Amino acid sequence: MARTASITRNTKETQVSIAVDLDGEGVQVSTGIGFFDHMLTAFGFYAKIGLKVNVHGDLEVDGHHTVEDTGIVLGQALKEALGDRTGIRRFGSCYVPMDEALAFTALDFSNRPYLVFDAGMPQERIGDYDSCLTVEFMRALAVNAGITLHQKCFYGANAHHMTEGLFKSLGMAIRDAVRVDGDGVTSTKGVL
């Protein structure tokens, strides 16, 4: 059974189109924010999924709507691609060192969305990207995918390295969590 989804969401602020193939490959990203494209490309690569992201947002205002709405749609696409989550490992975690920074992600595709995010950024901007938008993306992703998501950057002096570590560790944790290694639902309740 194909674990794929294509979601489009159009508002007065953004037009977002995302396709996910959990068993595919190849990443194409265009959001209009160079650093965010870099982060989503790293995420898709380390998650080892097929990912196509095309976003047009009101960047004349700022990047907030573009980043948050991308998180919403990516979360919806992951949720749809997983279906009833039969056979998936469900849990994933990963540490990623990026030069002076150390990032960590732990997650559970529990269908109980929750975010704990602990990563104070030392610089407000990374190119055209406001570093405070990372938590907005992660919250939107967790809520819409039904993920319990915990992220922490233990230390770092460069917001680029810290943010990249968070996106890479997210990808690696998702790669583990969505891997099929059984034929039942990974829950004592029998349902996720």
Side-chain angles (χ1 to χ4, degrees), residues 6-20 25-78 94 96-105 107 115-145 147 149-175:
S6 294
I7 306 283
T8 298
R9 180 176 189 264
N10 294 313
T11 71
K12 292 179 180 178
E13 299 166 340
T14 62
Q15 295 79 49
V16 182
S17 178
I18 296 181
V20 168
E25 57 185 49
V27 178
Q28 298 174 358
V29 177
S30 176
T31 67
I33 304 171
F35 181 75
F36 190 43
D37 289 355
H38 178 44
M39 293 302 95
L40 292 173
T41 299
F43 160 77
F45 177 84
Y46 286 100
K48 291 194 181 277
I49 61 174
L51 178 64
K52 293 182 182 175
V53 177
N54 191 14
V55 184
H56 296 284
D58 57 354
L59 296 179
E60 70 280 1
V61 174
D62 66 12
H64 189 281
H65 300 139
T66 296
V67 173
E68 183 178 38
D69 290 6
T70 300
I72 290 170
V73 177
L74 180 56
Q76 292 170 345
L78 287 170
C94 183
V96 169
M98 282 288 301
D99 297 343
E100 86 298 342
L102 180 63
F104 175 72
T105 296
L107 58 82
L115 175 67
V116 175
F117 186 89
D118 183 6
M121 296 292 162
Q123 292 87 35
E124 291 181 12
R125 303 268 298 165
I126 310 165
D128 291 332
Y129 180 86
D130 294 319
S131 59
C132 64
L133 294 179
T134 302
V135 66
E136 301 300 332
F137 172 82
M138 298 301 177
R139 183 179 298 110
L141 177 75
V143 167
N144 286 277
I147 302 171
L149 176 61
H150 291 244
Q151 288 197 305
K152 181 172 182 68
C153 197
F154 291 95
Y155 43 80
N158 183 307
H160 183 135
H161 296 157
M162 295 166 70
T163 304
E164 190 165 348
L166 291 168
F167 273 88
K168 286 180 176 177
S169 64
L170 175 69
M172 299 277 290
I174 285 179
R175 180 172 98 192

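The shown structure was predicted, so the numbers you read here are calculated from the model rather than taken from an experiment.
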Exercise. Can Tyr46 and Val96 be said to form a side chain to side chain contact (heavy atoms under 4.5 Å, CB included), step by step?
Worked result: CA-CA 11 Å; Tyr46 286 100; Val96 169; over 6 Å; no
Exercise. Yes or no on side chain to side chain contact (heavy atoms under 4.5 Å, CB included) for Glu136 and Arg139, after CA distance, side-chain angles and deciding distance?
Worked result: CA-CA 5 Å; Glu136 301 300 332; Arg139 183 179 298 110; 3.1 Å; yes
Problem set entry | Verdict with supporting geometry, Ser17 and Asn54, side chain to side chain donor-acceptor pair (under 3.5 Å) | CA-CA 5 Å; Ser17 178; Asn54 191 14; over 6 Å; no
Problem set entry | Worked check of side chain to side chain contact (heavy atoms under 4.5 Å, CB included) between Thr70 and Val53 | CA-CA 8 Å; Thr70 300; Val53 177; 4.2 Å; yes
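Looking at heavy atoms from C-beta onward, Glu13 lies out of side-chain contact with Glu68 at the 4.5 angstrom threshold. Between Met39 and Thr163 there is a side-chain heavy-atom pair separated by less than 4.5 Å. Residues Leu74 and Phe137 are in side-chain contact: their nearest non-hydrogen atoms beyond the backbone lie under 4.5 Å apart.
Taking the six-membered ring for Trp and thresholds of 30 and 60 degrees, Phe36 and Phe167 have ring planes more than 60 degrees apart, a perpendicular arrangement.
Within 6.0 Å of atom NZ in Lys152, more than 12 heavy atoms from other residues, nucleotides or ligands are found, so the atom counts as buried in its surroundings. With a 6.0 Å radius and a threshold of 12 heavy atoms from other residues, nucleotides or ligands, Glu100 has its CD atom above the threshold. For Asp128, the CG atom sits in a loose shell: 12 or fewer heavy atoms of surrounding residues, nucleotides or ligands are nearer than 6.0 Å.
Checked by atom type and distance alone, the side chain of Asp58 never pairs as donor or acceptor with a backbone atom of Val61 at under 3.5 Å. Side chain of Thr14 to main chain of His56: no donor-acceptor pair is present (N/O by atom type, distance under 3.5 Å, no hydrogens or angles).
A side-chain hydrogen bond (donor to acceptor under 3.5 Å, both in side chains) with Tyr129 holds for exactly one of Thr66, Asp37, Thr31, Thr134; it is Thr134. When each of Leu115, Leu78, Val73 is paired with Leu141, the side-chain contact (heavy atoms from CB on, under 4.5 Å) condition holds for Leu78 and for no other.
If you take CZ on Arg175 and CZ on Phe43, they are separated by 12.0 Å, rounding to the nearest 0.5 Å.
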